Each structure stands twice: as C-alpha cells, then as structure tokens.
There are 2 protein chains.
Amino acid sequence: MARIPASERRAALIEAALRVVSRRGIAQATTRAIVAEAGMSLASFHYAFDSRDELIDELIITVVAREQQAVIPDLSPGQSLRELLESGILGYFEHLKADPEHEQAMLELTQYALRSPERHPLARAQYARYAELAERSLELAASVADVAWRVPVPEVARTLVAFTDGLTLTWLVDRDDDAARAVAQAAADALSRMAGPR
Amino acid sequence: MARIPASERRAALIEAALRVVSRRGIAQATTRAIVAEAGMSLASFHYAFDSRDELIDELIITVVAREQQAVIPDLSPGQSLRELLESGILGYFEHLKADPEHEQAMLELTQYALRSPERHPLARAQYARYAELAERSLELAASVADVAWRVPVPEVARTLVAFTDGLTLTWLVDRDDDAARAVAQAAADALSRMAGPR
DNA sequence: GTGCGACTGGGACGACTGTCCCACTTCGGC
DNA sequence: GCCGAAGTGGGACAGTCGTCCCAGTCGCAC
C-alpha cells in the first residue's frame with residue numbers, strides 16, 4: 001500500500017464510508033467494510049481515526065457541508081413565482097432520481113444522529129443547512145418573479161424543507177414519479193401563496 | 001416462567017420488540033434486548049420465531065395493521081374544507097407529540113424495510129395503509145364541508161401523506177412546534193385547493 | 001397415573017464486531 | 001548514510017451477535 005498522510009487517509013475513508021452507507025446502509029458500514037471499500041488495512045483506519053464513531057460523525061459533517069444548491073430554480077424570467085418554485089422542486093426531484101441512494105443515505109444518517117443525544121446536534125445542523133439553502137432559493141425566486149415574501153423567509157424555508165423531505169421519503173418507498181410531481185405542484189402552490197406584490 | 005402457548009409468546013415478543021425499537025432504535029433491537037424486555041429466555045424466542053428477521057417482519061406487519069385513523073378532523077360543521085384539513089393535520093401533530101418515539105420507530109422500520117429487496121413490499125404496504133387512512137379522512141372532510149374533490153382522491157391522499165411525513169421528519173429533528181404548525185397550515189391550504197363546489 | 005407433546009432454561013457454538021498491539025517499512029531532515 | 005517519526009500489515013483480543021442444542025418440566029388426553 002502506498003504511503004498516504006493521515007489527513008488524506010481520513011478523506012479517503014470518509015468517501016469510502018459514504019459509498020458503503022449509500023450502497024448497503026449504515027448498519028452495514030462496519031470498519032471492515034469501509035476499509036475494504038477504501039482498499040486499506042484495519043490498522044490504517046485506526047491510525048486515521050480514533051474510532052468508528054468519530055468517522056461517522058466526520059462523515060455527517062462532511063456530507064452536510066458539501067450539500068449544494070439542489071433546489072435552484074432555472075431563472076427564466078417572465079415566470080410566475082409558483083412556476084419558479086415548482087420547477088425548482090422538480091429540479092430537486094431530478095437530483096433525487098439521479099442518485100436515490102445518496103438521499104437515502106442522508107436520511108439514514110439523520111435517523112442515526114437522532115438516536116443519541118450527543119449526536120442530535122449533527123441532525124439539527126443538517127437541517128439548518130437545508131433551511132439555509134432553501135432560503136437562498138426562495139429569495140432568488142422572489143426576486144426573479146418580482147414579488148416579496150409576506151411570511152418571514154426562514155419560516156417559508158422550513159416549510160419547503162418539510163415538503164421536499166416528504167416528497168423524498170414517499171418517492172423512495174413508492175418510486176411513483178407522478179405522485180412526486182403532484183406533491184411538487186401542491187407544495188409550489190402553497191408556498192407561492194406566502195408572497196405578494198412587492 | 002409461566003408456560004405460555006407459542007402464539008401468545010409471539011404477540012408478547014412483538015410488543016416487546018416495538019418498545020425496544022421505539023426506545024433505543026432498530027439497531028439495538030437485538031434478540032437479547034427484546035427477550036429481556038419481554039422477560040423471557042432466548043430459547044423461548046426461537047421457539048416462537050424461526051429467526052430475528054421473521055420477528056421484525058411480523059413487527060412491521062402488526063404495527064401497520066394497527067395504524068389507526070390519526071388524521072381525523074373534528075367534524076364540527078360550518079368549517080371550511082381548509083379549516084377541517086388543518087385541524088386534521090394538527091390532530092396528527094398532537095398524536096406525534098404525544099408519542100414521538102413511536103413515529104420515529106415507524107420511520108426506522110420503513111428505512112429498514114427499504115434496505116432489502118425482499119422487505120421492500122413491507123414498506124410499500126405501510127405507505128399504502130397510510131394512503132388508505134388519508135383517503136378516508138379526505139372523503140369525510142369533503143363531505144362535511146360539502147365540497148367535491150376535483151383531483152382523484154388517491155392522488156390527494158398521497159400528497160397528504162407526503163406532507164405529514166415531511167412534518168414528522170422535520171419536527172423530530174427540530175422539535176419546533178411553530179414550524180410544524182406552519183407546515184400544517186400550508187399543507188391544508190394546498191390540499192383544500194384541490195376541491196371545489198359540489 | 002401415565003405418557004407424550006408442548007414448552008422452558010442455561011449454556012454453548014461460530015461468526016462478526018470494534019479496537020489494539022507490535023514488528024516492520026518508508027520517508028524527510030540532517 | 002542515519003535516525004526518528006510517520007505510516008503499514010497482520011494477527012489477536014474481548015465482547016456481542018443470531019442461533020442452536022439438550023436435558024428437563026409442565027399440562028392435558030387417555
């Protein structure tokens with residue numbers, strides 16, 4: 001095995017862990033499975049990380065920090081806010097369909113974090129990040145549609161996050177694209193009503 | 001230990017398993033933990049069930065079959081459909097607040113079922129049941145409000161399930177009652193728009 | 001009451017887990 | 001070239017997991 005500084009090994013192990021969690025679930029993400037995925041030995045694992053828990057915590061932090069603007073409306077002007085929001089949510093839906101395992105992994109990591117008091121803040125941080133990204137999309141959409149939010153944007157954002165979460169969960173179970181699109185439409189409808197003329 | 005027929009033991013073990021999953025998560029629901037919760041010996045477990053997998057499958061089936069009308073609007077007439085739906089969703093929210101661990105357990109069981117192809121149908125059945133209950137509530141609400149659904153009720157129902165799912169997930173993370181109420185309001189608003197005068 | 005089948009308890013099994021140890025190799029600075 | 005620190009490999013550890021076995025006990029039908 002090539003010699004790799006511990007910091008790079010940490011990164012490689014986190015990537016390997018994410019792949020294992022996505023493919024087989026967090027319960028199967030054992031130290032040996034992660035190490036095999038990364039092509040390393042067990043000793044390298046515990047040289048880079050004190051424990052498996054530390055790795056999982058780092059994984060959550062990494063994956064949350066990396067979360068990108070998924071729900072970004074395509075900014076063709078001349079569209080109503082409702083249309084912008086709907087195409088934004090549908091954009092997220094395409095992202096979900098392109099890599100369902102990733103979103104399922106995110107869901108599992110949240111549930112995992114929810115199960116121990118000391119990890120609960122990680123779940124909160126994850127959702128704070130989602131809300132932050134949602135806020136930005138909402139501000140952008142309102143500005144393109146030339147309207148103003150009548151409800152505080154953070155509140156609208158939390159509602160948007162809840163709606164996309166519900167869409168994700170139900171689609172992962174049913175894989176029903178039409179149902180997901182109906183949810184997107186209803187969500188865009190409800191949210192757009194929280195804005196008014198500037 | 002008193003002598004108990006295997007069928008009763010199965011029921012007792014399922015109840016014990018539900019308590020363990022609720023309290024500590026499915027990963028901690030080992031045969032020994034379940035047996036301790038039920039006050040039995042390991043042998044009794046494998047006398048009643050062939051394997052832990054069989055127990056978990058039975059647990060999901062039981063708990064889904066038992067799922068009751070949570071989102072039932074209080075039927076005071078004279079309310080608009082929107083109001084009926086909102087109070088219905090808020091009713092579910094109270095149910096969630098009263099026993100968060102139970103809903104978290106349901107979520108975990110879904111995720112668990114989603115992870116193996118042969119268990120995936122259990123997750124589908126769970127959501128089919130949710131949709132069925134939602135349909136009934138929606139029909140009832142429309143009849144009390146004296147309106148008709150313009151969108152097929154099964155479609156409305158799936159959207160309602162997605163919305164309540166999102167509400168559940170975000171509230172379990174943030175425990176933010178106001179945010180949950182905002183989601184309920186927005187969801188009721190969106191759904192009520194799918195109905196019109198009879 | 002006797003016998004047989006249903007049920008029980010405790011201990012054991014092999015597999016798998018996270019973690020650790022230790023002898024070894026490689027590298028950068030001198 | 002040398003040396004200490006950084007990084008590596010393989011094997012071992014104790015603990016926990018699901019499952020199984022077996023000797024024993026109870027209760028009911030006859």
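Here is the naming used below: chain letters follow the sequence lines, and residue numbers restart at 1 for every chain. Side chains are part of it too, since the values below use all heavy atoms of this structure and drop only hydrogens, waters and symmetry mates. Please read these numbers as outputs of a predicted model, since none were measured by experiment.
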Novice: Any chance you could lay out the salt bridge (Lys or Arg N to Asp or Glu O under 4.0 Å) test for Arg129(A) and Glu67(A), step after step, and finish with the verdict?
Specialist: CA-CA 8 Å; Arg129(A) 173 77 178 148; Glu67(A) 201 69 21; over 6 Å; no
Novice: If you pin Thr31(B) and Ser7(A) to their nearest nucleotides in DNA chain D, which one's is more 5'?
Specialist: Ser7(A)
Novice: Grab the CG-P distance between Asp50(A) and dG18(C) for me, whole Å please.
Specialist: 15 Å
Novice: Where the side chain of Ala6(A) is concerned, which of dG7(D), dG9(C), dG9(D) is the nearest nucleotide?
Specialist: dG7(D)
Novice: Drop me the distance from Tyr130(B)'s OH to Thr170(A)'s OG1, to the nearest 0.5 angstrom.
Specialist: 12.0 Å
Novice: I want to verify a distance call: between dT19(D), dG10(C), dG9(D), whose nearest atom is closest to the Ala43(B) side chain?
Specialist: dG10(C)
Novice: Of the listed nucleotides (dG18(D), dG7(D), dT17(C)), which one gets closest to any side-chain atom of Arg32(B)?
Specialist: dG18(D)
Novice: Give a yes/no on whether any side-chain N or O of His46(B) is located under 4.0 angstrom from OP1 or OP2 of dT19(D).
Specialist: yes
Novice: Please report the distance, rounded to the nearest Å, between CZ in Arg52(B) and C1' in dA15(C).
Specialist: 15 Å
Novice: Return the nearest nucleotide to the side chain of Ser51(A); candidates are dT8(D), dA12(C), dT19(C).
Specialist: dT19(C)
Novice: How long is the line joining CG of Leu42(A) and P of dT17(C), in whole Å?
Specialist: 10 Å
Novice: Could you tell me the separation between the CD1 atom of Ile34(A) and the C1' atom of dT19(C), rounded to a whole number of Å?
Specialist: 14 Å
Novice: Could you tell me how far apart Tyr47(B) (OH) and dA23(D) (P) are, to the nearest whole angstrom?
Specialist: 18 Å
Novice: Does the plane of the ring in Tyr92(A) sit parallel, tilted or perpendicular to the ring in His95(A)? Use 30° and 60° as the thresholds.
Specialist: tilted
Novice: Return the 5'-most residue of the pair Pro5(B), Thr30(A) with respect to DNA chain C, ranking by each residue's nearest nucleotide.
Specialist: Pro5(B)
Novice: Indicate yes or no: does Arg19(B) engage Glu15(B) in a salt bridge with an N to O separation below 4.0 Å.
Specialist: no
Novice: Taking Asp177(A) first and then Lys97(A), would you say they form a salt bridge - that is, a charged N and a carboxylate O separated by under 4.0 Å?
Specialist: yes
Novice: Tell me whether the side-chain N/O atoms of Arg3(A) come closer than 4.0 Å to OP1 or OP2 in dT8(D).
Specialist: no
Novice: Between Met40(A) (CE) and dG10(D) (C1'), how many Å, whole number?
Specialist: 17 Å
Novice: Report the distance from atom CZ of Phe49(B) to atom P of dG18(D), rounded to the nearest whole Å.
Specialist: 14 Å
Novice: Rounding to an integer number of Å, can you tell me how far Gln28(B) CD sits from dG18(D) P?
Specialist: 11 Å
